[in-house]
Amino acid sequence: MSTTKTISAQLRGVITQKNNGAFTVSTPTGSRNCPLTARLRRESGGELAVGDEVSVDAAGQIDALLPRRNWISRRSAAPMPGAHTHEQLIAANLDQVVPVFAAANPRLAWHLLDRYLVSAESAEIPALVVITKFDLAAGRPEADEIEQVAAEYRALGYPVLLTSTLDGSGLEAFRAALHGKRSLLVGKSGVGKTSLLNALEPGLGLRVQATNAVTGKGRHTTTAATLLPLTAGGAVIDTPGIREFGLWDVDGADLAWFFPEMRPHLDRCRFGLDCRHAEEPGCAVRKAVTDGLISPYRYQSYLKLRYDP
Amino acid sequence: MTTIPFAQRTYSRSKGQQDTFGDFTCLHCGRLVQSHELLSGVRNRNHCPHCLSSRHLDLYAAGDRLAACKGRMQPVALTLKHDGNKYRRNSGELMLVHICDECGKLSINRIAADDDNERILRVFAASQRLDPDTQAALTHAGITPLEAWQKELVQRRLWGGR
Ligand SMILES: Nc1nc2c(ncn2[C@@H]2O[C@H](COP(=O)(O)OP(=O)(O)OP(=O)(O)O)[C@@H](O)[C@H]2O)c(=O)[nH]1
Ligand SMILES: [Mg+2]
Ligand SMILES: [Zn+2]
Ligand SMILES: [Zn+2]
Ligand SMILES: [Zn+2]
């Protein structure tokens with residue numbers, strides 16, 4: 001086999017979209033739609049994701065996947081209760097994960113945020129939290145709650161931006177936070193992920209759609225994860241709204257480590273590393289919660305994820 | 001007690017963490033507790049009908065399950081639920097007052113249909129000689145424990161109608 005020779009003929013690129021078994025690959029000579037070689041399809045099981053770096057052979061087929069520096073995946077939704085779940089790769093080679101929540105429409109669910117943050121922690125990727133549609137909360141009691149909870153997450157080391165594409169607030173900070181990085185936007189349908197990108201890069205003109213007037217739920221407008229380069233440098237991956245975000249490959253015994261505020265307490269439990277921080281006497285994590293050092297909501301998220309990852 | 005610097009969030013407990021946990025074994029007396037509403041007559045059973053113990057699971061509101069303490073809550077006294085959130089003598093529903101062994105949190109709970117009445121009477125008897133700390137905690141919380149002279153009222157509430 002003349003491996004060296006074929007490599008020289010190869011073109012390097014980044015997957016920007018996945019479409020029915022083939023992939024859009026952005027290469028120095030332009031974007032093209034590439035299937036996998038039969039060999040790679042066999043070897044990889046077709047599991048390539050947006051953000052993956054690949055090489056394309058002379059026939060225009062993806063023939064190799066370059067090593068990933070990191071990736072985010074979730075547990076696939078089980079088609080029926082008890083059915084098998086598998087790893088669902090969302091994107092690879094990221095600089096930050098951006099969980100997006102709306103201040104309203106759809107209703108803000110803080111406990112889901114902790115799922116995303118744990119997932120980012122376990123992948124060792126920094127997270128940036130964005131609350132959209134802040135105009136809908138402004139002047140209402142919800143705004144105070146959001147400001148306060150945002151401050152709690154900032155104290156944990158997660159930047160939180162409060163934005164509105166309607167009045168433009170927070171957008172400059174958002175632009176600055178994305179600059180020069182590759183960011184993955186994740187969140188429920190209708191929270192305004194795509195609208196944020198349109199506001200940032202008016203030229204994109206991506207499709208957005210109003211949420212259901214009664215339920216506030218989104219209509220699953222974005223249908224494929226897509227990597228979009230930013231003119232100022234960096235890129236954003238817009239994704240379809242996710243209904244459930246199950247943790248994949250996060251060991252229960254490691255879970256507390258992915259809550260940064262729990263780390264300083266983990267070696268002080270009476271049962272040491274065997275402590276599940278649930279019912280055990282002498283648990284330092286529980287003590288830190290009752291002492292007001294750890295948010296009871298974050299602790300409850302921990303317990304919830306422990307039993308229902 | 002420590003103050004909690006965290007904002008109270010508008011939130012609803014997610015699926016899988018509902019108010020009923022199904023039948024369970026009491027951690028304190030080891031007996032089986034059946035959760036069915038038909039037996040208890042209450043929506044959220046929050047203490048064992050046999051030993052009347054409960055656990056410190058709630059933080060801001062009944063059923064929120066946000067407390068990390070999880071200590072044993074022992075029944076220490078009886079009181080009357082007057083209206084809204086006032087607990088005064090003479091009128092109102094008979095309630096059990098629990099106190100947490102671990103952190104001293106007080107809570108006031110409805111009596112279930114299948115709670116052990118004799119045991120409730122024993123709590124009432126013991127509550128006539130409360131230790132000063134518990135006494136002070138009750139006073140501080142504005143809870144008036146029922147006194148010896150109200151024994152007849154207690155018996156009437158437990159055995160004879162409402
Ligand atoms: N009031 C208000 N509405 C907004 C804001 N941002 C987005 N919206 C509206 O929210 C709706 C949904 O926005 P999208 O950008 O399509 O949401 P999405 O998260 O991309 O949804 P999916 O593609 O389905 O995952 C649209 O009607 C937007 O106009 C905002 O800041 N304020
Ligand atoms: Mg979208
Ligand atoms: Zn512990
Ligand atoms: Zn019991
Ligand atoms: Zn307690």
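Proteins get letters first, then strands, A, B, ... in listed order; numbering begins at 1 in each.
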| remark: Checking heavy-atom separations under 4.5 Å from chain B, one finds in residues 271-282 of chain A A:Ala278, A:Glu279
| field | Under 3.5 Å side-chain donor-acceptor pair for B:His47 and B:Asn109 | value | no
| field | Residues forming a side-chain hydrogen bond (donor to acceptor under 3.5 Å, both in side chains) with B:Asp131, sequence neighbours excluded | value | B:Thr134
| query | Between A:Thr165 and A:Ser195, does any side-chain donor sit less than 3.5 Å from a side-chain acceptor? | reply | no
| note | From the list A:Asp144, A:Ile294, A:Val285, the residue making the most non-hydrogen contacts under 4.5 Å with chain B is A:Ile294
| said: Could you measure the distance from the CG atom of B:Leu27 to the CZ atom of B:Arg55? Nearest 0.5 Å is fine. | reply: 5.0 Å
Anything under 3.5 Å between a donor and an acceptor, one on a side chain of residues 249-262 of chain A, the other on a protein residue two or more places apart or in another chain? List them.
from	atom 1	to	atom 2	distance (Å)
A:Asp251	OD1	A:Ala253	N	3.1
A:Glu261	OE1	A:Arg298	NH2	3.0
A:Glu261	OE2	A:Arg298	NE	2.7
A:Glu261	OE2	A:Arg298	NH2	3.4

| B:Gln8, part contacting chain A, at a heavy-atom distance under 4.5 Å | both
| task | For the residue pair A:Tyr153 and A:Tyr158, categorise the inter-ring angle as parallel (less than 30°), tilted (30 to 60°) or perpendicular (more than 60°). | result | tilted
| field | Which residues share a side-chain contact (heavy atoms from CB on, under 4.5 Å) with A:Asn212, sequence neighbours left out | value | A:Val214, A:Thr215, A:Arg219
